[in-house]
Amino acid sequence: MTKPMKTLDLETEFKRLEDLIARSGTFFLAGHLNPDGDTIGSMLAIASVLKRLGKKVRLFSQDPVPENLCFLPHASSIRSTLPSGKFDAAILLECSTPERGGNLEPVLKRAGTVVNIDHHKTSEFYGDINIVETHSSSTAEIVYRLLYNMHVNVTRREASCLYTGIVTDTGRFHFPATSPRTLEVASRLLETGFKFSRVNDLIYATKAVEGLRILGRALESLEVMAGGKLAVLTLKTSDFKELGARPEHTENVINFGLMPPGVKAAVMFREEEGRVSVTFRSRGHLDMSLVAKAFGGGGHRNASGCRVKGGLSAVREKVLSVLKRLLKA
Ligand SMILES: [Mn+2]
């Protein structure tokens, strides 16, 4: 894999991807571990367009599609087993590094061209083609621009996928990454006539009983530290067992941590087998992507995450000491 310079002009990269799509027949698409609305929505929209263009597409996600996103058209075509064949192109969405997608190496080394489409500033430009737009609200917004450049008319179903990516990554047009362009893209998607209110209901107003119970447990665990600036949520394996909840039920739970007045950063620890999944959120300039990166993860300034090997209390102690130091500075 060649490593183009970070300064490569984005429009040139878009054009190279358009050319690649025109001349390729088989595509492998993958997103990041613990996939979110942006990953799944972007993947399904590109896949649908590629299929309409007569291409063969294989969709992969190492972790399952979250329950609240299973309503998206063709979500069930996303498989968790790595294909054995050879692909003309492998397109990775939302992956700062190939490892963010899990163990993709066997497929990537056989792929003709590797494409990296992302909006994370931690992106390592590992692709042969890198479309990395850090000012974009979401990968879905970038994908819309790609389709627009290709003169593709987005269908209603594709629009619902891209809208899902945008609405989830912007926290319903709430986070600062929401730009006039984001709203313009959303407006064009709405023009296709898909039922956006139904999509909002399914994403935001539907939650499994187990999900509500684990949310309650997480809120009960809330601790406020560092002079009121840091909120900490902690979930143990036993909480999940007791309530019959699964990790994907905790999506968005972290955001409650930012609610108490004066809190600048929130962290959630979720105990797993032999390791701990850690999620960070912040307001303003406090950079959580650096904290996540220090522990082998990635993400954005205001939202990031990592998985750290070790037991819950040891990991908690290590991460909290870094956070407290950051909040003192
Ligand atoms: Mn995203």
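In each ligand, atom 1 is the first atom listed, and ligand 1 is the first ligand listed. Quick note: residue numbers are just sequence positions, from 1.
Vertex the Mn ion (ligand 1), arms ending at OD2 of D169 and OE2 of E94: the angle is 160° after rounding to 10 degrees.
Among pairs with a residue in residues 286-329, those fulfilling ring-ring contact (aromatic ring centres under 6.0 Å, His included) read H119-H300, H120-H300, at least two apart in sequence or across chains.
Remark: side-chain polar atoms of S42 are paired, donor with acceptor, to backbone N or O of D38 under 3.5 angstrom.
Taking 2.8 Å as the threshold, H119 counts as a candidate ligand of the Mn ion (ligand 1), since one of its N, O or S atoms lies below it. When distances to the Mn ion (ligand 1) are checked against a cut-off of 2.8 Å, D38 contributes an N, O or S atom below that limit.
When each of V199, L202, L44 is paired with T164, the side chain to side chain contact (heavy atoms under 4.5 Å, CB included) condition holds for V199 and for no other. Just one of T192, N200, T168 meets the side chain to side chain donor-acceptor pair (under 3.5 Å) condition when paired with Y163; it is N200.
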